[in-house]
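Side chains are part of it too, since the values below use all heavy atoms of this structure and drop only hydrogens, waters and symmetry mates. Computed from a predicted structure; not experimentally measured.
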Amino acid sequence: MAMPKLNLDEFIKNNKGHKLLIECEDTEIRRLPNGEVLKILDNMLLELLSNTGFSLEKRLDEVDNLTSFTNFAMPNRKLEENGIVNSYTMPYVPGVDFTDFYEDIYNLSSYANIHSQIENNIKIGNELGIVFPDLCTTENIRITPDRKVFFIDYDGLQIKQMPAVGFSDFLGIPSDVLTKKYFDFETNLFTKEIDIKSAIFLYFVDVFGVDLSKVGSINPFTGRVITLDYIFSTINLQDLNIMQKVWKLFQQSVPNEFLGDDIYMLAEQYNLVELPGTSIKRLVRK
């Protein structure tokens, strides 16, 4: 069934009592009285989307083909202003943003449960032709009170042949991401490899407090280049499977691989302790 298209001004008038949740540089998000969320895009972001050849309205028209992605807050109405679709509504996902999710910060099993769900969500999306170049903007990941992982931010997706307008800065500078492995310059589409990179980068910063995008840069405290070996040594990572999968992220001719069950095996073997005077956590054998 086609998504209904409504007038934005009239819709807001008919939904008095809405609450402003977030006001970003390019979007405004409001909580509606019925519990849903209204997302309004500004003209600059709408223009960026249109410049890809696929306006927000065209992207919203694809929703009917993605309904099997049940762990994504899919749009359910499109709204127009002055004849242009500039906003949409979606279900509200209760809980917290991934950035604000804390349970037991030294429990590797807890991390494994959440990150396994993130990887599974990515795999389901990829099968539907979705790529998530902005996934590492962690406000795009919601954790519900019963520890279920949901993705949000529909307009930030790359959907089939509809390009995304950018990627998360968390993945590094453009020269790190806009390479043949992660971006097809003929189609202007990101490859699925970027999603595996996002998942592993998220795992390392969340679990260990380590930013893998710093690999290859100069450590300001030592004046030396930050290497993977240095990072592995700092956190005492000795799991060869995980080390190999991280190494693959930085190789242009080698496909990436999800962490998968390796994160559970790591949890069986290690505990976490925080290194004195830092925000970095280190593995210690049980």
inquiry  = Can you confirm whether the side chains of R59 and T52 place a donor and an acceptor under 3.5 Å from each other?
reply    =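 Per modelled atom types, R59 and T52 side chains form a pair under 3.5 Å.
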Would Q117 and N121 count as having a side-chain donor-acceptor pair, cut-off 3.5 Å?
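Per modelled atom types, Q117 and N121 side chains form no pair under 3.5 Å.
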Are [X] and [Y] close enough that some pair of their side-chain heavy atoms sits under 4.5 Å apart?
X: F201; Y: S168; answer: no
X: Y88; Y: L56; answer: yes
X: I242; Y: F204; answer: yes
X: F151; Y: I122; answer: yes
X: L38; Y: S87; answer: yes

Item checked: Residue pair D211, S213: steps toward the side chain to side chain donor-acceptor pair (under 3.5 Å) verdict -> CA-CA 5 Å; D211 184 354; S213 71; 2.6 Å; yes
Sequence neighbours excluded, every pair satisfying salt bridge (Lys or Arg N to Asp or Glu O under 4.0 Å) that has a member inside [range]:
range: residues 241-254; result: K245-E257, K245-D262, K248-E257
range: residues 132-152; result: D97-R142, E103-R147
range: residues 32-56; result: E36-R77, K39-D153, K39-D155

Q | Partners meeting side-chain contact (heavy atoms from CB on, under 4.5 Å) with M74 (sequence neighbours left out) | A |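 Checked M74 against side-chain contact (heavy atoms from CB on, under 4.5 Å); matches are V63, L66, F69, F72, Y154.
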Look at atom [atom1] of [X] and say whether more than 12 heavy atoms of other residues, nucleotides or ligands are closer to it than 6.0 Å.
X: D169; atom1: CG; answer: no
X: E274; atom1: CD; answer: yes
X: K286; atom1: NZ; answer: yes

Which residues end up grouped with I152 if you chain together Ile, Leu, Val, Met, Phe, Trp and Tyr wherever their side-chain heavy atoms are less than 4.5 Å apart?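 Traced through the cluster, I152 reaches V93, F150.
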List for me each residue that meets salt bridge (charged side-chain N to carboxylate O under 4.0 Å, His left out) alongside K160, sequence neighbours excluded, and say none if there are none.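 Expected list: E62.
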Are the aromatic ring centres of F258 and H115 under 6.0 angstrom apart?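 Distance test on ring centres: not under 6.0 Å, no.
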**Message:** Here's a test for you: under side-chain contact (heavy atoms from CB on, under 4.5 Å), which of I226, V246, L171 qualifies with L212?
**Reply:**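 Exactly one option meets the side-chain contact (heavy atoms from CB on, under 4.5 Å) with L212, and it is V246.
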Are any side-chain N or O atoms of T278 and backbone N or O atoms of L275, one a donor and one an acceptor, separated by less than 3.5 Å?
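Side chain of T278 to backbone of L275: a pair is present.
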Taking the side chain from K181 and the backbone from V254, do they hold a donor-acceptor pair closer than 3.5 Å?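 Side chain of K181 to backbone of V254, a donor-acceptor pair under 3.5 Å: yes, one is there.
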